[in-house]
Amino acid sequence: QVQLVESGGGSVQAGGSLRLSCEVFGYIPSDYYMGWFRQAPGKEREGVAGINMYGGTSYADSVKGRFTISKDNAKHTLYLQMNNLKPEDTAMYYCAANYGMFATVWYESRQYNYWGQGTQVTVSS
């Protein structure tokens with residue numbers, strides 16, 4: 001069983017930065033892919049960034065050039081560096097994972113079987 005625990009959320013002003021972390025606990029397979037999703041009140045959950053087993057990354061258009069997804073395999077930890085934050089980035093952020101080399105469609109929630117509890121990011125103008 002895989003458990004994901006996020007941390008690093010908080011409140012910042014527009015233009016600020018935050019780094020989210022997601023630590024993986026439990027059984028850790030040799031191949032798995034991960035992603036970051038977010039959900040704002042009244043909106044559907046959306047994919048923010050994904051990373052495959054090989055370190056290949058994908059991003060939503062809304063965050064390209066501002067967010068960077070990365071992972072430290074030795075620490076079993078996923079990161080999301082968020083720079084130049086905007087009020088529209090305000091949401092609950094979730095990390096997700098599943099076994100396999102890569103997701104067929106990284107931004108689809110159904111591609112992931114394991115989810116963290118979420119960490120809140122609030123950006124004020």
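A chain of hydrophobic side-chain contacts below 4.5 Å, direct or via other Ile, Leu, Val, Met, Phe, Trp or Tyr residues, connects V63 to W36. Residues L80 and Y112 are members of separate hydrophobic clusters, defined by side-chain heavy-atom contacts under 4.5 angstrom among Ile, Leu, Val, Met, Phe, Trp and Tyr.
Residue pairs meeting the salt bridge (Lys or Arg N to Asp or Glu O under 4.0 Å) criterion with at least one member in residues 102-112, sequence neighbours excluded: E108-R110. Applying the disulfide (SG to SG under 2.5 Å) definition to pairs two or more places apart or across chains, none involves residues 43-77. Sorted by first and then second residue, the salt bridge (Lys or Arg N to Asp or Glu O under 4.0 Å) pairs involving residues 65-76 (not counting sequence neighbours) are R66-D89. Judged as a disulfide (SG to SG under 2.5 Å), the pairs with a partner in residues 80-125 (not counting sequence neighbours) are, in order, C22-C95. Residue pairs satisfying the side chain to side chain donor-acceptor pair (under 3.5 Å) criterion with at least one member in residues 9-22, sequence neighbours excluded, are listed as follows: S17-N83. Sorted by first and then second residue, the ring-ring contact (aromatic ring centres under 6.0 Å, His included) pairs involving residues 40-94 (not counting sequence neighbours) form an empty list.
Taking every heavy atom of both residues into account, P87 and S124 meet most closely at CG-C, 4.5 Å. Taking all atoms of both residues into account, the shortest heavy-atom contact from M53 to D31 is SD-CB, 3.3 Å. Closest non-hydrogen pair, W106 versus S58, comes out as NE1-CB, 3.2 Å. The shortest non-hydrogen separation linking L85 to L18 is CD1-N, 3.9 Å. For the residue pair M34 and V24, the shortest heavy atom distance occurs at CE-CG2, 3.8 Å.
The side-chain contact (heavy atoms from CB on, under 4.5 Å) test applied to Y99 returns V2, Y27, P29, Y114, not counting sequence neighbours. Remark: W115 pairs with F37 by the ring pair (Phe, Tyr, Trp, His ring centres under 6.0 Å) rule, at least two apart or across chains. The side-chain contact (heavy atoms from CB on, under 4.5 Å) check on S62 picks up R38, A60, with sequence neighbours excluded. N98 pairs by the side chain to side chain donor-acceptor pair (under 3.5 Å) definition with Y33, N113, not counting sequence neighbours. Considering only residues two or more places apart in sequence or on other chains, K43 meets the side chain to side chain donor-acceptor pair (under 3.5 Å) condition with none of them. Under the side-chain contact (heavy atoms from CB on, under 4.5 Å) criterion, Q120 pairs with T90, M92, T122, not counting sequence neighbours.
Using a 4.5 Å heavy-atom threshold, the side chains of V121 and L20 count as touching.
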Stepwise side-chain contact (heavy atoms from CB on, under 4.5 Å) test for V48 and M82
CA-CA 11 Å; V48 175; M82 305 185 294; over 6 Å; no

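Distance CZ/F25 to CG/L4: 9.5 Å, rounded to 0.5 Å.
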